[in-house]
2 protein chains.
Amino acid sequence: MKEAEALQAFSALSGETRLRMLRLLVVAGEGGMTAGDISAQTDAAPSRASFHLSALAKAGLVSATREAKQIRYHVRFETLGELMGYILTDCCQNHPTVRSCCLGDQGC
Amino acid sequence: MKEAEALQAFSALSGETRLRMLRLLVVAGEGGMTAGDISAQTDAAPSRASFHLSALAKAGLVSATREAKQIRYHVRFETLGELMGYILTDCCQNHPTVRSCCLGDQGC
DNA sequence: TTAATAATTCAAGAATCATTGAAATGAAAG
DNA sequence: CTTTCATTTCAATGATTCTTGAATTATTAA
């Protein structure tokens with residue numbers, strides 16, 4: 001991940017509504033969620049939801065696929081992993097204090 | 001780390017100047033850097049550097065200590081580790097794809 | 001084709017953030 | 001005590017970003 005992409009990802013994650021949307025999509029898992037469901041569950045008007053979802057999509061944090069009349073969104077864990085890698089390696093040069101976040105529950 | 005702190009951190013990292021400042025401080029290591037050095041090495045006027053450094057400090061990503069006439073800044077790896085933990089655990093629920101970023105060079 | 005539904009795009013104004021230069025603060029030296 | 005140096009704070013302007021509602025596109029059904 002390049003600096004420009006990381007900046008875009010940080011920017012996309014730095015809004016309350018967008019972070020909540022992403023977390024909703026994480027909980028939704030494989031099934032994802034439609035734009036309408038996301039709009040409803042975040043109390044954001046459709047145009048506002050669409051605006052924020054497209055910011056997340058532009059940053060590669062979510063993907064969108066049309067499904068009949070609706071558009072279904074999925075979280076893209078790959079990009080989140082790359083962002084983690086950027087922070088850990090490019091930004092923090094693998095500093096052990098940062099790296100220690102990896103020592104959680106299910107090890108690695 | 002709470003959501004509000006994570007948002008503040010993402011916000012602090014979502015600017016080119018601030019990300020560059022943080023990376024400078026990572027490279028500087030234990031010694032840290034003075035506000036003047038950071039200002040000079042980023043081509044940012046002193047007031048501008050001060051503005052961005054205080055945003056980083058407010059997010060807990062850097063610390064500041066006065067040293068005679070100068071103020072020395074250090075990166076706070078702890079906060080960066082907590083941010084990584086937030087993304088991995090709170091945000092992504094330890095999803096293996098995100099977790100795989102931990103499998104780099106010096107293992108864990 | 002027409003109507004209905006789901007979502008996006010657009011335009012306007014509101015709100016927030018960044019930049020600049022000048023003034024103020026804090027610390028050391030003469 | 002005054003001056004100088006390093007940095008921050010302040011105020012004004014400029015630039016982005018966010019929000020809202022209306023108009024538009026895309027899809028399906030009647």
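Sequence lines set the chain letters: A, B, ... in the order given, protein chains first and strands last, and positions in each chain run from 1.
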Is the backbone N or O of [Y] less than 3.5 Å from a side-chain atom of [X], with the two atoms forming a donor-acceptor pair by type?
X	Y	answer
A/Ser11	A/Gln8	no
A/Arg72	A/His74	no
A/Arg76	A/Gly60	yes

Next item on the list: Could you run through nucleotides 24-30 of chain D and give me one letter per nucleotide, 5' to 3': B if any protein heavy atom sits under 4.0 Å from the base, S if only the sugar-phosphate is that close, - if neither?
Entry: --SBS--
Item checked: Phosphate OP1/OP2 of C/dA6 contacted by A/Tyr73 side-chain N/O (<4.0 Å) ->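 The answer is no; no side-chain N or O of A/Tyr73 sits under 4.0 Å from OP1 or OP2.
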Notebook entry, point to check: A/His52 side chain N/O closer than 4.0 Å to the phosphate oxygens (OP1, OP2) of D/dT17?
Noted result: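 So the side-chain polar atoms of A/His52 never come under 4.0 Å of the phosphate oxygens OP1 or OP2 of D/dT17.
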Margin query: Check the orientation of A/His95 and B/Phe77. Use parallel for under 30°, tilted for 30 to 60°, and perpendicular for over 60°.
Written below: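 If you compare the ring of A/His95 with that of B/Phe77, the planes turn out parallel.
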Check: Would you say the SG of A/Cys101 sits less than 2.5 Å from the SG of B/Cys102?
Finding: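 Taking the criterion (SG atoms under 2.5 Å apart), B/Cys102 and A/Cys101 fail it, so no.
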Next item on the list: Give one of base, sugar-phosphate or nothing for B/Thr34, where a contact means two heavy atoms less than 4.0 Å apart.
Entry: sugar-phosphate
Next item on the list: For A/Arg72, answer base if it contacts any base atom (sugar-phosphate contacts may also be present), sugar-phosphate if it contacts only those atoms, and nothing otherwise; contact means non-hydrogen atoms under 4.0 Å.
Entry: nothing
Between [X] ([atom1]) and [N] ([atom2]), how many Å, whole number?
X	N	atom1	atom2	result
A/Gln8	D/dT17	CD	P	10 Å
A/Ile38	C/dT8	CD1	C1'	14 Å
A/Lys58	D/dT16	NZ	C1'	13 Å
B/Leu53	C/dA18	CG	P	13 Å
B/Met21	C/dA18	CE	P	12 Å
A/Leu7	D/dT16	CG	P	15 Å
B/Arg18	D/dT16	CZ	C1'	13 Å
B/Met33	D/dT7	CE	P	11 Å

Next item on the list: Apply the test side-chain contact (heavy atoms from CB on, under 4.5 Å) to residues B/Arg48 and B/Thr17: give CA-CA distance (whole Å), side-chain angles for both, the deciding distance (0.1 Å), then the verdict.
Entry: CA-CA 10 Å; B/Arg48 192 175 151 220; B/Thr17 304; 3.0 Å; yes
Item checked: Nearest heavy atoms of A/Leu22 and B/Cys91, plus distance in Å -> CD2-SG, 3.8 Å
Notebook entry, point to check: Are side-chain heavy atoms of B/Leu25 and B/Met33 found at a separation under 4.5 Å?
Noted result: yes
At a cut-off of 3.5 Å, list every protein nitrogen or oxygen paired with a nitrogen or oxygen from nucleotides 20-22 of chain D, distance to 0.1 Å.
residue: D/dG21; atom: O6; partner: A/Ser47; partner atom: OG; Å: 3.2

Checklist line | Greater than 12 external heavy atoms within 6.0 Å of A/Glu3's CD | finding: yes
Notebook entry, point to check: Mapping B/Ala35 and A/Ser11 to their closest nucleotides on DNA chain D, which lands nearer the 5' end?
Noted result: B/Ala35
